[in-house]
Amino acid sequence: MRPSVTGFDVYDIRFPTSEQLDGSDAMNPDPDYSAAYVVLRTDGPARTEGHGFVFTIGRGNEVTAAAIEALRPYVVGRPAPRDAADLAALHHDLTHDSQLRWLGPEKGVTHMAAGAVVNAAWDLAATAAGLPVWEFLAAMTPEELVLLVDFRYLTDVLTRQEALALLRAAQPGRAERARRLRAEGYPAYTTSPGWLGYDDAKLVRLAKEAVADGFAQIKLKVGADLDDDVRRLRLARAAVGPGVRIAVDANQRWDVPDALRWMAALAPYAPHWIEEPTSPDDILGHAAVRAGQPVKVATGEHVANRVVFKQLLQAGAVDFVQIDAARVSGVNENLAILLLAAKYGVPVCPHAGGVGLCELVQHLAMFDYVAVSGTREDRVIEYVDHLHEHFTDPAVIEGGRYRAPRAPGFSARMRPESIAAYRYPDGPRWRARRPAEEVIS
């Protein structure tokens with residue numbers, strides 16, 4: 001008998017990264033990297049599990065956990081998903097409840113919560129199939145892949161038939177690209193040197209170490225003080241030399257005139273892109289920034305859904321699409337975004353860094369290379385070197401490249417001891433931070 005989902009466990013997990021200013025930027029100076037984490041459990045002899053999560057930066061993680069919990073009735077008792085049809089039906093049900101959808105629609109906390117459950121379902125299905133998610137996806141036919149996509153609101157620029165044509169065109173060479181991916185990995189860049197809270201000496205040291213480790217691109221956070229940013233970018237450029245790309249990231253800090261002024265001042269140091277120069281919802285603002293200064297524009301980690309990505313591409317507002325595995329409604333919607341980017345010929349350079357995001361998004365970029373875009377040209381996946389030790393199948397970087405995951409699933413499974421230690425507010429790691437009198441009371 002086919003197993004069913006019988007367990008649905010939700011955890012509020014937080015890591016105190018604000019203590020060392022890891023993750024700090026101009027908009028988010030003191031993040032505690034966090035995960036509203038869900039585990040799907042099945043009955044039957046195999047008792048397979050699926051793991052997924054929403055990434056946040058601390059306060060409010062309990063809100064996303066509550067939103068995930070609200071989806072329990074759509075999952076518990078359902079046959080465990082195992083193929084494209086099952087995963088398409090689950091995605092539809094989680095994103096089309098009329099009352100929950102009202103809270104978005106199709107954006108914000110409820111949409112992210114749906115993504116956590118959808119991603120857990122993909123982890124469950126790929127684990128049952130004995131394949132990593134990138135291979136599980138890449139083994140699907142074009143017809144199965146388009147079944148996964150919600151084309152509502154996209155058909156003015158991308159129809160189901162156009163998507164089928166894109167995927168069929170990429171079918172020749174799939175096996176060879178998968179072979180090369182296993183042998184060569186996928187290019188990465190690192191943000192680890194560039195957190196805004198780091199002093200100049202740490203920035204220079206980490207930038208040099210990144211180049212020595214094989215990274216051909218690093219990223220710096222900018223946006224708080226122009227003079228500081230000019231100095232920091234000058235130091236970074238001197239540290240890595242002219243042949244290494246340096247991207248900069250404003251994390252939505254600027255109005256359009258500020259972005260134009262700032263980037264004119266930073267342009268002499270050859271930044272590769274400016275990331276999130278203004279509000280992620282401001283399509284025309286991004287277009288104005290792209291047109292008004294010489295540096296290419298990247299955005300996407302806070303873009304709410306496929307519709308906003310569609311408009312960014314329609315408006316010629318973006319040079320690099322930065323998908324995020326835990327912002328939109330999971331694998332299915334990210335597939336829609338990958339297809340849109342392929343239609344417009346725009347490279348996809350995924351956002352990662354936050355707890356577990358490197359582990360997830362590597363699968364999407366690798367699937368894109370094998371079965372959608374067919375290229376790694378001008379494409380990199382972000383990498384940040386912290387918190388990977390909390391996962392049973394952590395992302396692996398060698399020579400500045402992601403190694404292709406080989407373990408079944410989505411690389412999302414967190415170690416039980418990490419869940420126990422960092423559960424908020426009662427895990428030992430958080431209890432130790434409370435004042436003694438609060439613990440006693």
So, are [X] and [Y] salt-bridged, with charged N and O less than 4.0 Å apart?
{"X": "E49", "Y": "R413", "value": "yes"}
{"X": "R253", "Y": "E276", "value": "no"}
{"X": "R14", "Y": "D32", "value": "no"}
{"X": "D9", "Y": "R41", "value": "yes"}
{"X": "R429", "Y": "E19", "value": "yes"}
{"X": "R403", "Y": "E184", "value": "no"}
{"X": "D229", "Y": "R231", "value": "no"}
{"X": "D86", "Y": "R78", "value": "no"}
{"X": "R245", "Y": "D378", "value": "yes"}
{"X": "E275", "Y": "K221", "value": "no"}

If we ignore hydrogens and angles and just use 3.5 Å, is the side chain of [X] paired with the main-chain N or O of [Y] as donor and acceptor?
{"X": "N61", "Y": "S34", "value": "no"}
{"X": "R82", "Y": "L124", "value": "no"}
{"X": "R237", "Y": "G241", "value": "yes"}
{"X": "N305", "Y": "V308", "value": "yes"}
{"X": "S192", "Y": "D385", "value": "yes"}
{"X": "T278", "Y": "W254", "value": "yes"}

Parallel, tilted or perpendicular: which fits the ring planes of [X] and [Y], with parallel below 30° and perpendicular above 60°?
{"X": "Y383", "Y": "Y402", "answer": "perpendicular"}
{"X": "Y422", "Y": "H390", "answer": "perpendicular"}
{"X": "F55", "Y": "Y33", "answer": "perpendicular"}

From [X] [atom1] over to [Y] [atom2], what is the distance, rounded to the nearest 0.5 angstrom?
{"X": "L339", "Y": "L145", "atom1": "CG", "atom2": "CG", "result": "8.0 Å"}
{"X": "T42", "Y": "R47", "atom1": "OG1", "atom2": "CZ", "result": "7.5 Å"}
{"X": "L338", "Y": "I323", "atom1": "CG", "atom2": "CD1", "result": "4.5 Å"}
{"X": "Y186", "Y": "M366", "atom1": "OH", "atom2": "CE", "result": "8.5 Å"}

Between [X] and [Y], does the ring centroid distance fall short of 6.0 Å?
{"X": "H363", "Y": "F136", "answer": "no"}
{"X": "F367", "Y": "W134", "answer": "no"}
{"X": "Y37", "Y": "H51", "answer": "yes"}
{"X": "F15", "Y": "W430", "answer": "no"}
{"X": "Y74", "Y": "H96", "answer": "no"}

Donor-acceptor pair between [X] and [Y] side chains, under 3.5 angstrom:
{"X": "D43", "Y": "T6", "result": "no"}
{"X": "Y189", "Y": "K219", "result": "yes"}
{"X": "N332", "Y": "W122", "result": "yes"}
{"X": "H351", "Y": "D324", "result": "yes"}

**Asked** Under the side chain to side chain donor-acceptor pair (under 3.5 Å) criterion, do Q322 and T299 qualify, and how do the steps go?
**Response** CA-CA 5 Å; Q322 295 180 303; T299 199; 5.3 Å; no
For residues 201-208, tabulate all N or O donor-acceptor pairs below 3.5 Å that involve a side-chain atom, not counting sequence neighbours.
from	atom 1	to	atom 2	distance (Å)
R205	NH1	E209	OE2	3.4

**Request:** May I have the step-by-step check of side chain to side chain donor-acceptor pair (under 3.5 Å) for H111 and T95, ending in yes or no?
**Result:** CA-CA 7 Å; H111 205 51; T95 56; over 6 Å; no
**Prompt:** Between L266 and V295, does a side-chain contact (heavy atoms from CB on, under 4.5 Å) hold up when you go through it step by step?
**Reply:** CA-CA 9 Å; L266 297 182; V295 179; over 6 Å; no
Using every non-hydrogen atom in the two residues, find where [X] and [Y] come nearest and quote the distance to one decimal.
{"X": "L100", "Y": "A70", "answer": "CD1-O, 4.4 Å"}
{"X": "M112", "Y": "V54", "answer": "O-CG2, 3.1 Å"}
{"X": "A341", "Y": "V348", "answer": "CB-CG2, 3.6 Å"}
{"X": "A247", "Y": "Q217", "answer": "CB-NE2, 3.8 Å"}
{"X": "P350", "Y": "V380", "answer": "CD-O, 3.4 Å"}

**Request:** Pick out which of K310, R306, R327 makes a salt bridge (Lys or Arg N to Asp or Glu O under 4.0 Å) with E333.
**Result:**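 So the option named by the test is R306.
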**Item:** Test: R376 cationic atom under 6.0 Å from Y369 six-membered ring centre, within 45° of axis
**Value:**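 Yes, a cation-pi geometry holds between R376 and Y369.
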**Request:** Evaluate the criterion side-chain contact (heavy atoms from CB on, under 4.5 Å) for residue pair N119 and V133; output intermediate values, then yes/no.
**Result:** CA-CA 10 Å; N119 286 345; V133 160; over 6 Å; no
**Request:** Output, in order, the C-alpha distance, side-chain angles, deciding distance and verdict of side chain to side chain donor-acceptor pair (under 3.5 Å) for S373 and D368.
**Result:** CA-CA 6 Å; S373 70; D368 175 68; 2.9 Å; yes
**Item:** More than 12 heavy atoms from other groups under 6.0 Å of CZ on R59
**Value:**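 Not buried by this count: 12 neighbours or fewer within 6.0 Å.
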**Flag if over 12 foreign heavy atoms under 6.0 Å of CD, Q99** =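 Atom CD in Q99 is not crowded, with 12 or fewer foreign heavy atoms closer than 6.0 Å.
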